[in-house]
Amino acid sequence: MMKRWHLARRLLPLLAGLALLLSACGREDLSTMNPQGPVAEVQFDLMKLSISIMVLVVLVVFALAFYVIVKFRRRPGDKIPVQVEGNHKLEIIWTVIPIVLLLILGVPTVKHVFGLAKDYSKDPNAVQVIVTAHQYWWEFEYPQYGIKTSQELMIPTGKTISIQTKSADVIHSFWIPALAGKIDSNPGANLNKMYFSAKKDGVYLGKCAELCGPSHALMDFKVKSVNEGAFDRWVTAMKEPGKLPADPAIAEVFEKQCLTCHAVGDKGLQLYPNLTGIGDKGTVAGILVNTDDAKYKNEGTTYENLKRWIEDPQSVKPGNSMPKVDLTPEQIDGIAKYLSEYKLNVEQ
């Protein structure tokens, strides 16, 4: 028994070190340490300032503690020292220094907190987006352009994006680590506001940062930043008339089974994710990654992912609102093929 205890005691520091090391593992595009926009850069600067001050304080305190332990350690023959009141000079020093450090941290923090709270919701030069969180997907409405999309927020690079966010059910939290901090999406009439922009073209991963149900961890979305020309072409393409499947039988099934909840172009209802241009998107349902070089179980071609989703959406995202639709394998195959080929091709 004692041998086991000694073995466990030796392994404990190793396991603790491994836990600390592995806690730093993660995706580069889901990190606040890699800011890709002015808002994220300001927030990152505040993080660096606060961490620097904390490290300085820890080093000084540990150095002083080590000095005192060594210099004033108990030696043979030592007697109890004379009890004195204290050193007023030292007491003033270690009171003033924390106040100075708090001012160094507090002044820029307050300045940037108020600066980042600027409201761009009335700015005609900003791209206005109303974000509605659902269990477990994201809806993006562009009131200036009269369009809605889902799961992939398209933005023009360099322009200010004004966000007004709310929830259709429970509390969620809208977060794009590389572009801006998180903000709650609340149910009811409460609209929270924020803004951000991207410095360069690219795809940025977004997450729900509030525990909202069994598929909270699968509530991902993408922000796709493109040049203004591509963005304008995307807006135009989203407003064009919808295209139905070429096969009349598949078209009829799609209209009856899918367009009662979803939309393509001007056809159908937009109660749930708009399917217009879904063949261009990087994911299906926000979590099935579209790729021709699948390496993980959540990866596959757009066609394969759509087929998997339509066949059994609950196996992909437990608790989501889409039921298992009564379709034959041939109908599922036809709809998946049609949607995977529904592309807008706006980037040139």
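Values in this document were obtained by computation on a predicted structure and should not be read as measured data.
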Look at the rings of Phe72 and Tyr67 and say which category their plane angle falls in: under 30° parallel, 30 to 60° tilted, over 60° perpendicular.
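Correct class here is perpendicular.
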Without swapping roles, check the side chain of Gln151 against the backbone of Trp138 for a donor-acceptor pair under 3.5 Å.
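It does hold such a pair.
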Would you find more than 12 non-hydrogen atoms of other residues, nucleotides or ligands less than 6.0 Å from [X] atom [atom1]?
X	atom1	value
Arg74	CZ	no
Lys337	NZ	no
Asp266	CG	yes

Could you walk me through whether Lys199 and Glu41 satisfy the side-chain contact (heavy atoms from CB on, under 4.5 Å) test, starting with their C-alpha distance in whole Å, then the side-chain angles of each, then the deciding distance to 0.1 Å, before giving a yes or no?
CA-CA 11 Å; Lys199 293 191 301 183; Glu41 286 174 344; 2.5 Å; yes
Tested for side chain to side chain donor-acceptor pair (under 3.5 Å) against Asn290, the lone hit among Thr301, Asp280, Asn305 is Asn305
Output yes when Lys256 and Glu252 qualify as a salt bridge under the 4.0 Å nitrogen-oxygen rule, no when they do not.
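Counted as a salt bridge, because a side-chain N and a carboxylate O are separated by less than 4.0 Å.
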Salt-bridge contact Arg308-Glu304 (side-chain N to carboxylate O under 4.0 Å):
no
To check you understand the geometry: which heavy-atom pair defines the closest contact between [X] and [Y], and what is its length?
X	Y	result
Ala263	Asn274	O-OD1, 2.9 Å
Tyr136	Lys317	O-NZ, 2.5 Å
Ser162	Gln128	OG-OE1, 3.1 Å
Asp169	Ser167	N-OG, 3.0 Å

[Y] and [X], any side-chain heavy atoms less than 4.5 Å apart:
X	Y	result
Asn125	Tyr120	no
Thr283	Asp220	no
Ile250	Ile335	yes
Leu259	Leu244	yes
Tyr195	Ile161	no
Met194	Phe174	yes
Ser215	Gln135	no
Ile51	Lys48	no

side-chain hydrogen bond (donor to acceptor under 3.5 Å, both in side chains) evaluation trace for Thr165 with Asn192
CA-CA 5 Å; Thr165 183; Asn192 281 337; over 6 Å; no
Given side-chain hydrogen bond (donor to acceptor under 3.5 Å, both in side chains), test Asn34 with Gln36 step by step and report yes or no.
CA-CA 6 Å; Asn34 184 31; Gln36 297 296 312; 3.0 Å; yes
Go through the steps to decide whether Thr149 and Lys281 satisfy the test side-chain contact (heavy atoms from CB on, under 4.5 Å), and finish with yes or no.
CA-CA 11 Å; Thr149 187; Lys281 295 187 177 181; 3.3 Å; yes
[Y] reachable from [X] in the ILVMFWY side-chain graph, under 4.5 Å edges:
X	Y	value
Leu275	Phe221	yes
Trp309	Leu218	yes
Tyr303	Ile310	no
Trp137	Val284	no
Val129	Val223	yes

Using the ring pair (Phe, Tyr, Trp, His ring centres under 6.0 Å) rule, pick out the option among Phe140, Trp234, Phe231 that qualifies with Tyr145.
Phe231
Less than 3.5 Å apart, which donor and acceptor atoms pair up between the side chains of residues 90-114 and the rest of the protein, not counting sequence neighbours?
{"unit_1": "Thr95", "atom_1": "OG1", "unit_2": "Glu91", "atom_2": "O", "d": "2.7"}
{"unit_1": "Thr109", "atom_1": "OG1", "unit_2": "Leu105", "atom_2": "O", "d": "2.6"}

Could you go step by step and tell me if Asp312 and Gln314 meet the side-chain contact (heavy atoms from CB on, under 4.5 Å) rule?
CA-CA 6 Å; Asp312 190 2; Gln314 294 303 319; 3.9 Å; yes
Please evaluate residues Lys166 and Asn190 with respect to the criterion side-chain contact (heavy atoms from CB on, under 4.5 Å), reporting the C-alpha separation (whole Å), side-chain torsions for both, the decisive distance (0.1 Å), and the verdict.
CA-CA 7 Å; Lys166 59 183 179 179; Asn190 184 352; over 6 Å; no
